[in-house]
Amino acid sequence: MTSSILLGMIGPWQIVLIVLVVLVLFGGKKIPELMRGLGKGVREFKDGINPDEKDKKDESSVEKKD
């Protein structure tokens, strides 16, 4: 019971520690690549959830070209 309460309490020092560990493990050059991949994954996930919005954007861009 105590462990489930403690898992929900992540403070600023824990976040700093996690960022430092990631920086040491992957290095400064790999982090932008990791974030870019994460962003692409989130974008694809959103497109998969709402494919109708993507179709509407595609149609409006085609209409503007004509």
Side-chain angles (χ1 to χ4, degrees):
M1 180 171 163
T2 308
S3 63
S4 64
I5 294 172
L6 294 176
L7 288 176
M9 300 177 153
I10 296 178
W13 290 111
Q14 286 84 3
I15 294 172
V16 169
L17 181 64
I18 291 169
V19 168
L20 288 174
V21 168
V22 168
L23 185 62
V24 168
L25 288 176
F26 295 108
K29 294 182 180 181
K30 284 285 190 183
I31 292 176
E33 293 175 21
L34 292 171
M35 293 300 113
R36 193 175 302 118
L38 181 64
K40 285 181 182 179
V42 169
R43 190 177 317 118
E44 289 179 10
F45 179 74
K46 286 182 180 180
D47 290 343
I49 291 176
N50 298 321
D52 297 333
E53 290 181 17
K54 185 178 179 185
D55 292 338
K56 289 179 184 177
K57 289 179 185 178
D58 291 341
E59 290 174 4
S60 65
S61 66
V62 170
E63 290 174 3
K64 289 180 183 178
K65 288 180 183 178
D66 291 335

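Nothing fancy with the numbering, it's 1 onward along the sequence.
Linking ILVMFWY residues whenever their side-chain heavy atoms come closer than 4.5 Å, directly or via other members, leaves Trp13 and Ile18 in distinct clusters. Val19 is not connected to Met35 by any chain of hydrophobic side-chain contacts under 4.5 Å among Ile, Leu, Val, Met, Phe, Trp and Tyr, and they are in different clusters.
Rounding to the nearest 0.5 Å gives a distance of 10.5 Å between CG of Leu38 and CZ of Arg43. Considering CD1 of Ile10 and CD1 of Ile15, their distance stands at 7.0 Å, rounded to 0.5 Å.
The salt bridge (Lys or Arg N to Asp or Glu O under 4.0 Å) contacts involving residues 14-31 comprise Lys30-Glu33, where partners must be two or more places apart or lie in separate chains.
Other members of the hydrophobic cluster containing Phe45, listed by chain and number, are Ile49; membership follows side-chain contacts under 4.5 Å among ILVMFWY residues, whether direct or relayed. Think of Leu20 as one node in a network of Ile, Leu, Val, Met, Phe, Trp and Tyr side chains linked at under 4.5 Å; its network also takes in Val16.
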